[in-house]
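Data block below; observations after.
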Amino acid sequence: MRANFSNMDRFELVKGVGQEIIKESELKQLLREKKHPVAYDGFEPSGLAHLPVGVYRPLLIKDLLAAGVKVKLILADSFAWINNKFDGDLERIRTAGEYFVEVWKAAGVDMKKVEVIWHKEFFDDPEYWKKVIIIARNHSLKRTRRSLAIAGRSDDDSQSAALNFYPSMQCADIFHIGADICQLGLDQRKVNMLAREIAEKRDIVKQLGYEGKGVNGKPVIVSHRMLMGLDGPAGAKGFDEDSAIDRAISSKMSKSIPDTSIFVHDSAEDIKRKINSAFCPMNTAKDNPVLEYTKEIIFRSSGELEIKRPEKFGGDFTFSSYRELEASYAGGDLHPQDLKGAVAREIDRLVSPIRVHFEKDNKAARLYEAVTNG
RNA sequence: CCCGGUGUAGCUCAAUUUGGUAGAGCGUUGGACUGUAGAUCCAAUGGUUGCUGGUUCAAAUCCGGUCGCCGGGACCA
């Protein structure tokens, strides 16, 4: 990897990670001002690692690291506990968290450069709770409910009251770790926006100990894309007022729907079968999950893609950029079935080291076992 | 703790009033059509009716008990 990136290169790298950036001008400024700004991502340990978490996120982390960004990863064990994951058993939640760390190691992330934070540490810190309350004091209950972005608005009232702590806590995380960049999924944008709004008050920023962080005491938001499920775009489910964002979130690949997800433990045959049955309209680049994986995963990881196909369909061909491939596909020169073959092969190439690690390594196998039976 | 509602196929629900061993849509699988998928058409797959005891020739249905979920209320010295 090259050692000296220009600020413009660094900007392009970070920009490439985000589907939405609030705001680009601030990101530019941040990268100018700080050689090693802090970005954070966090999530609740639960279930098995699928493509977005097990393969895509590691690729994004690598890009951030390459841009000189310091990456902090919050394993939201206490959030999972509040949410009653694993029957509220913190030990099992922690095991699930360790499993994910193991996934990223196997995916080739240099975990020495990534700071892993267990949220439970904050949970036990009175200073953290002070920040949670300061944030809660500075926005309305209505705003908190809006930030939750729970699908199916009609039964919002029957949700656990504990969920109301989420937004204030998640915001507090940002200030508590002094994150310059909120690098979470697009589905988390509302909470990040809330943090920006709260950060507009100077005295609050001071109380939260966030002075000098972000840009002018405000965090920059770099929301990464939600990879689509294998079955393609879904209708809007009410996650956001913006219909495009709503659809993007509604269409995301979900761990809880195994048939539309690829997991890092899937065999080459599984992957082939799943990709082959994926939604993939001919000549159409928009809302096409297979093309999305091609762009976001394959080209992000290797920079070229070889298509193998019978002579009668044009013979083998190697694309050296996504742009080139998309044009060919949109023009009808590249057939979906030929693309699928190549995509399945390349996804397996990325998944197989992880899959094998969890089969061969004793510690990893034990974690996998524990999460599977959890 | 009390009152009410509810529990039926993987999912959403019907059949309970007038007992006769369960249906639909969606999903899943296969086929047709496309050199992929989807859409469309055809076919198949689907359930110890929460659990338990009883009444009856016969119980998803009636009666008792029990468990889970949802809503409301009471208690708050």
Side-chain angles (χ1 to χ4, degrees), chain A residues 46-48 50-52 82-89 145 148 150-164 226-239 247-248 250-263 266-299 305-319 322 324-351 372:
Chain A
S46 149
L48 292 171
H50 61 343
L51 214 53
I82 288 178
N83 209 10
N84 215 21
K85 293 269 170 71
F86 295 99
D87 298 321
D89 185 337
R145 307 284 286 170
L148 281 167
I150 298 164
R153 288 164 176 155
S154 57
D155 58 342
D156 264 6
D157 291 342
S158 65
Q159 297 286 348
S160 161
L163 288 175
N164 292 313
M226 314 305 296
L227 290 183
M228 248 183 285
L230 291 162
D231 54 348
K237 293 176 186 167
F239 289 103
R247 268 185 283 111
S250 302
S251 304
K252 73 178 177 182
M253 186 182 279
S254 167
K255 280 186 287 205
S256 55
I257 313 175
D259 288 344
T260 66
S261 282
I262 291 174
F263 294 88
D266 283 348
S267 68
E269 288 71 31
D270 289 333
I271 293 169
K272 199 172 165 187
R273 177 176 51 80
K274 286 181 176 180
I275 290 293
N276 187 53
S277 63
F279 179 75
C280 190
M282 198 181 278
N283 301 352
T284 309
K286 186 175 155 50
D287 287 339
N288 185 323
V290 179
L291 274 179
E292 184 182 75
Y293 310 153
T294 304
K295 179 187 182 195
E296 293 296 326
I297 292 182
I298 295 172
F299 277 98
L305 179 62
E306 185 186 12
I307 304 289
K308 297 197 174 183
R309 59 186 171 189
E311 278 305 323
K312 65 169 172 172
F313 295 134
D316 297 354
F317 189 84
T318 298
F319 291 99
Y322 173 73
E324 191 188 332
L325 181 144
E326 185 185 296
S328 173
Y329 187 85
D333 295 325
L334 175 58
H335 189 275
Q337 197 172 333
D338 297 325
L339 174 67
K340 281 183 169 180
V343 168
R345 184 191 71 229
E346 291 305 305
I347 287 180
D348 177 61
R349 185 178 59 77
L350 289 163
V351 162
T372 308

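Lettering follows sequence order; numbering is per chain, from 1.
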* Asked: Of all heavy-atom pairs between Met228(A) and Glu292(A), which one has the smallest distance, and what is that distance?
  -> N-OE1, 2.6 Å
* Arg273(A) CZ to U29(B) P, straight-line distance once rounded to whole Å -> 9 Å
* **Between A44(B) and U49(B) - P atom distance, rounded Å** => 24 Å
* Structure fact -> As its Watson-Crick or G-U partner within any shown strand, both distances under 3.5 Å, U29(B) has A43(B)
* Asked: Tell me: CG of Leu339(A) to C1' of G35(B), nearest whole Å?
  -> 14 Å
* 4.5 Å side-chain heavy-atom contact, Met253(A) and Tyr293(A) -> yes
* In whole Å, what separates the C1' atom of A15(B) from that of A22(B)? -> 7 Å
* Distance, C1' atom - from C26(B) to A32(B), rounded to whole angstrom -> 22 Å
* Within the structure shown, what part of the strands sits under 4.0 Å from Asp338(A) by heavy-atom distance: base, sugar-phosphate, or nothing? -> base
* Nearest-Å distance, CD1 (Ile257(A)) to P (C26(B))? -> 18 Å
* Are Arg349(A) and Glu346(A) close enough, and set up right, to give a salt bridge (Lys or Arg N to Asp or Glu O under 4.0 Å), and what steps lead you there? -> CA-CA 5 Å; Arg349(A) 185 178 59 77; Glu346(A) 291 305 305; 2.6 Å; yes
* **Pairing partner (Watson-Crick or G-U wobble, both distances under 3.5 angstrom) of A77(B)** => none
* **pair Arg309(A)-Leu334(A): side-chain heavy atoms closer than 4.5 Å** => yes
* Strand partner of G53(B), provided both Watson-Crick or wobble distances fall under 3.5 Å -> C63(B)
* Which whole-number value in Å describes the distance from Lys286(A) NZ to A37(B) P? -> 23 Å
* Taking the same atom, P, in G54(B) and in U12(B), what whole-Å distance lies between them? -> 32 Å
* Between U18(B) and U61(B) - P atom distance, rounded Å -> 15 Å
* Euclidean distance, atom CZ of residue Arg345(A) to atom P of U36(B) [Å, nearest integer] -> 20 Å
* To do: Provide the distance between the two P atoms, one in A24(B) and one in C67(B), to the nearest whole Å.
  => 36 Å
* **Inter-nucleotide C1' distance (C13(B), C75(B)), Å rounded** => 38 Å
* Strand partner of A37(B), provided both Watson-Crick or wobble distances fall under 3.5 Å -> none
* In whole angstrom, what separates Asp259(A)'s CG from U29(B)'s P? -> 7 Å
* Asked: Taking the same atom, C1', in G50(B) and in G5(B), what whole-Å distance lies between them?
  -> 16 Å
* **Rounded distance (Å) that lies between atom C1' of U36(B) and atom CG of Asn283(A)** => 12 Å
* Asked: Counting only heavy atoms not in Lys272(A), do more than 12 sit closer than 6.0 Å to its NZ atom?
  -> no
* To do: Please give the nucleotide sitting opposite G68(B) as a Watson-Crick or G-U wobble pair, both distances under 3.5 Å, or none.
  => U6(B)
* pair Leu227(A)-Ile297(A): side-chain heavy atoms closer than 4.5 Å -> yes
* To do: Could you check which nucleotide pairs with C13(B) in any of the strands shown, counting Watson-Crick or G-U wobble with both distances under 3.5 Å?
  => G23(B)
* In whole angstrom, give the distance that lies between atom CD1 of Ile271(A) and atom C1' of U36(B). => 18 Å
* Asked: What do you reckon, do Phe279(A) and the base of G38(B) stack, with centroid distance below 5.5 Å and planes below 30°?
  -> no
